[in-house]
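Working notes, structure below.
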There are 2 protein chains.
Amino acid sequence: MAKRKVANLLALAVLSYLTQRPMYPYELSRTLRDHGDDRSIKFNHGSLYMVVQQLARAGFVAEQGTSREGQRPERTVYALTDAGRAELRDWMRELVAEPQHEYPQFVTALSLIAALPPSEALPLLRRRLDRLAASRAEIRALIDGALDQGVPGLFLVEEEYRLTLLDAERAFVTRFIEQITDPDTGWGGRWAEFHGEHPPTNERTES
Amino acid sequence: MAKRKVANLLALAVLSYLTQRPMYPYELSRTLRDHGDDRSIKFNHGSLYMVVQQLARAGFVAEQGTSREGQRPERTVYALTDAGRAELRDWMRELVAEPQHEYPQFVTALSLIAALPPSEALPLLRRRLDRLAASRAEIRALIDGALDQGVPGLFLVEEEYRLTLLDAERAFVTRFIEQITDPDTGWGGRWAEFHGEHPPTNERTES
DNA sequence: CTCCTATTATCCATAACTGACTATTTGGGA
DNA sequence: TCCCAAATAGTCAGTTATGGATAATAGGAG
């Protein structure tokens with residue numbers, strides 16, 4: 001799996017939208033925003049222009065000419081090339097078939113959580129649970145709203161996936177809290193000791 | 001939540017390890033690798049030096065002097081400052097309590113999956129399931145091995161979390177495949193039509 | 001009719017990251 | 001004993017990403 005000439009996932013979205021018709025960068029930008037793709041793909045205005053340049057340099061898109069409307073700045077329109085079509089297809093196949101090792105922030109937090117005393121970690125974890133529940137409700141509402149507007153379910157799978165992950169995380173955090181407060185596992189005990197504290201209890205509020 | 005002066009999560013690990021004692025960059029690098037933190041934190045040798053510099057500039061660590069062993073290059077030893085201790089604490093609290101909006105690659109893939117015909121997506125998704133199962137077995141083995149070596153469970157929570165996410169993803173992909181192949185939901189039908197194909201079936205092999 | 005703001009469209013300076021490179025030393029095998 | 005591989009310690013060039021800056025026009029409030 002040699003490295004891609006253009007690695008930024010924003011480029012994948014660009015390739016995908018250019019299969020429909022040639023576009024100029026700003027048009028791509030607006031389309032991405034309108035479709036809510038900025039929820040799934042890290043996106044900022046500036047990097048879109050860079051990504052299009054990179055794609056052009058790699059031969060995946062080609063400048064198709066320029067157009068102008070009124071006195072607005074000139075627009076450079078880009079079209080997908082055959083190489084670009086091939087890249088899109090190959091990249092999508094890879095992304096769907098091969099899970100990537102990634103670094104979610106919460107993994108980092110967990111790997112260093114022993115740096116906090118358990119008496120501090122517990123309320124923070126409970127707070128996280130609240131936030132996760134709120135986040136879940138938001139996504140649920142977004143999906144239901146879109147379905148009501150007639151958006152086909154297929155275009156909302158990524159949000160369903162997010163829901164799945166959210167629920168799994170909530171279950172995990174709940175279990176984690178139990179393990180910390182359960183005196184039988186001994187987890188909370190040694191952890192608290194290390195920080196010079198008493199073992200945590202199941203109480204909702206710490207003294 | 002104003003932006004952190006040093007945003008790279010590698011910096012968090014550095015702050016965390018420096019609470020134990022002052023270290024020089026290479027020592028930090030080796031310690032991180034030995035503890036397997038490179039599984040949880042995006043890490044490469046070069047950026048560690050940059051991150052330490054950034055931390056120094058921000059006042060979170062301070063050059064403590066230099067030491068030398070034999071004819072090896074001189075080592076610059078860094079120690080945590082009070083500001084650094086405060087930053088570590090505050091950052092950890094934020095990471096634990098506040099879920100961040102992130103962009104996992106599979107979310108991107110799903111958001112663009114309609115670009116592939118369902119006849120292609122199906123085998124790819126099945127392949128992903130295999131990979132996920134393999135990945136799960138690997139992590140399971142890693143955890144069990146570490147527990148056997150006497151590593152306390154608390155230092156393996158991040159791997160347990162990964163397992164949880166993996167299982168959730170497997171369940172999701174399984175459901176997704178069912179939704180595509182189930183003729184009642186109509187998903188596969190319209191999707192296939194759009195690509196000029198017949199609706200997918202439940203068969204394991206496509207003609 | 002004029003001013004203010006939002007939109008359209010792109011560019012660019014700066015900061016950050018990546019991967020490769022240098023150069024010495026130690027340990028172990030033939 | 002000699003040589004190679006791995007470990008030690010750090011630097012740096014080239015590439016990417018980020019978040020404004022720029023600049024023209026359209027739309028609407030007053």
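Heavy atoms only: backbone and side chains are in, while hydrogens, waters and symmetry mates are out. Note that the coordinates shown come from a computational prediction; the quantities given were computed from them, not determined experimentally. Numbers restart at 1 for each chain; the letters A, B, ... are given by sequence-line order, proteins then strands.
Remark: B:Y49 is not in phosphate contact with D:dA9, judged by side-chain N or O atoms under 4.0 Å from OP1 or OP2. Within the structure, every side-chain polar atom (N or O) of A:N8 is placed at least 4.0 Å from both OP1 and OP2 of D:dT16. Under 4.0 angstrom from either OP1 or OP2 of C:dC17 there lies at least one side-chain N or O belonging to B:Q54.
In this structure, B:Q53 places its CD atom 12 Å from P of C:dC17, rounding to the nearest Å. Rounded to whole Å, the distance from CG on B:L48 to P on D:dT8 is 14 Å. Rounded to a whole Å, the CZ atom of B:R30 is 11 Å from the P atom of D:dG10. The separation between A:K42 atom NZ and C:dC17 atom C1' is 12 Å, rounded to whole Å. Spacing between atom CE of B:M50 and atom P of C:dA20 amounts to 15 Å, rounded to whole angstrom units. Nucleotide D:dG19 holds its C1' atom 7 Å from the CG atom of A:N44, rounded to whole Å. Between B:Y26 atom OH and C:dT26 atom C1' there is a gap of 12 Å when expressed in whole angstrom units. Rounded to an integer number of Å, the gap from CG of A:D34 to C1' of C:dT7 is 13 Å.
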Test side-chain contact (heavy atoms from CB on, under 4.5 Å) on B:M92 and A:E120 and set out the steps.
-> CA-CA 10 Å; B:M92 279 300 297; A:E120 249 188 287; over 6 Å; no
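For A:S47, whose side chain is taken as the heavy atoms from C-beta onward, the closest listed nucleotide among D:dT18, D:dA9, C:dT10 is D:dT18. Considering only side-chain atoms of B:R75, the nucleotide from C:dA16, D:dG10, C:dG19 that sits closest is D:dG10.
A distance-only check finds a donor-acceptor pair linking the side chain of A:R128 to the backbone of B:V96 [under 3.5 Å].
Residue order along DNA chain D, read from the 5' end via each residue's closest nucleotide, puts B:P25 first among A:V51 and B:P25.
For B:H45 against C:dG19, no side-chain N or O and base N or O form a donor-acceptor pair under 3.5 Å.
Taking 4.5 Å as the limit, every side-chain heavy atom of A:L28 sits out of range of all side-chain heavy atoms of A:Y78.
Between B:R170 and B:D167, at least one side-chain N (NZ, or NE/NH1/NH2) sits under 4.0 Å from a carboxylate O, which counts as a salt bridge.
Here the straight-line distance linking atom CH2 of B:W91 with atom CZ of B:F60 works out to 8.5 Å at 0.5 Å rounding.
At a threshold of 4.0 angstrom between heavy atoms, the contacts of A:E27 with the nucleic acid are absent.
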